[in-house]
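Whatever order the structure lists them in is the order used to number ligands and atoms, beginning at 1.
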Amino acid sequence: MGKILVTGAAGFIGSHTVDFLLAEGHKVIGVDNFRTGRKGNLSRAVDSRDFSLHELDVSAPGALGGLVGVERPDAIIHLAALVSVQESMTNPALNFSLNVQATHLVAEAARTHGVGRVVFASSAAIYGDAPEQPAREAGEKSPVSPYGAAKLASEALLLGHGATFGFTVRCQRYFNVYGPRQDPSSPYSGVISIFAKRYREGRGVTIYGDGRQTRDFIAVGDVARANAIAATRANLFSGAANICTGRETSLLDLAEIFGRYLPASPLPEHAPARSGDILRSLGDPGKAAAEMGFTANVRVADGLAALIAESAEVVVT
Ligand code: UD1
């Protein structure tokens, strides 16, 4: 069993990744500065003797390097980030610090202390507005936000460091991730987290535009498994791969599925489309399958049913 350091451990994807790794028997070192992560997300993990948690800012020079030097993990899964595309536009300097500078410090920590593998939280945002459908890894990358640009730059920083200094880098290009513990509190939160909260409260939802826009929604449990594979599977090569399902679901379909489970809900209202909203987002999952043996298992209808059933975990107060 391995020893894995996870940055952003108290976040949405981070905490599920920690839980998955612990269930597989690995030792896990969690790192978070609790800017957006929440200790409550780790309520299961903190009971494990194989888990330790460190409050630390990855973007502060020396902070992560010191811990990596002491712990000597086999792999680092770097998920700590400024996660809001909107915030990257209102605060590009913070985006640079948390989404570029921090990545460089992770790469340096890996180089300095001989970490064999780094797994990175990249994003479909690197493809930009109008990628080929489905988006393939070798296709055009034209990010339309500081967030997407920082993710693309981070991939290059890590892959360059890995190739130069001899460690493996896996860049995970997540599509639209959803599931328990996703924070629905901002209007720019993931649409499924917003819909789940509003439907559970008996309120209707707002669909921006005609609702025919589609997304490749992937369950966070599948993403956690993809992270564990990338960090621990033997004989992986460096590279970048979409972490997606290869299936698209429209907003109208989403509302219909929620309505099926919660039939007393009001019908959705429509509001004008958001500027900059893309019409279709769909990834090609073939490269992750070929390179890592990863295929998403959870169908959206099943993922939503599980989310509704776990509503106690979804509520954020
Ligand atoms: C998502 C990611 C973003 C990434 C992008 C890559 C999230 C929160 N954002 O953005 O980081 O850059 O994929 O393609 O995962 N909508 C409604 N009603 C609502 C909320 C949203 O109709 O109450 C619509 C939006 O207008 C959009 C769709 O739902 O058409 C999805 O929105 P959202 O969940 O915010 O994700 P993306 O915009 O795809």
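With rounding to the nearest 0.5 angstrom, the CD atom of Glu155 is 4.0 Å from the CZ atom of Arg173.
Listed by first and then second residue, the ring-ring contact (aromatic ring centres under 6.0 Å, His included) pairs involving residues 18-62 amount to none (not counting sequence neighbours). Residue pairs meeting the ring-ring contact (aromatic ring centres under 6.0 Å, His included) criterion with at least one member in residues 235-275, sequence neighbours excluded, are Tyr199-Phe258. Each salt bridge (charged side-chain N to carboxylate O under 4.0 Å, His left out) pair with one or both residues in residues 53-82, not counting sequence neighbours, appears once here: Lys3-Glu71.
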Taking a 3.5 Å cut-off between nitrogen or oxygen atoms, can you list every pair linking ligand 1 to the protein, with distances?
from     : atom 1 : to     : atom 2 : distance (Å)
ligand 1 : 18 (N) : Thr206 : O      : 2.8
ligand 1 : 22 (O) : Tyr208 : N      : 2.9
ligand 1 : 26 (O) : Asp277 : OD2    : 2.7
ligand 1 : 30 (O) : Gln213 : NE2    : 3.0
ligand 1 : 30 (O) : Arg215 : NH2    : 3.3
ligand 1 : 30 (O) : Asp277 : OD1    : 3.1
ligand 1 : 30 (O) : Asp277 : OD2    : 2.6
ligand 1 : 34 (O) : Val191 : N      : 2.7
ligand 1 : 36 (O) : Asn176 : ND2    : 3.3
ligand 1 : 39 (O) : Asn176 : ND2    : 3.0
ligand 1 : 39 (O) : Arg215 : NE     : 2.5

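Shown here for Ile77 and Thr17, the closest heavy-atom pair between the two residues is CD1-CG2, 3.9 Å.
Counting heavy atoms from C-beta on, the side chains of Val191 and Leu251 come closer than 4.5 Å.
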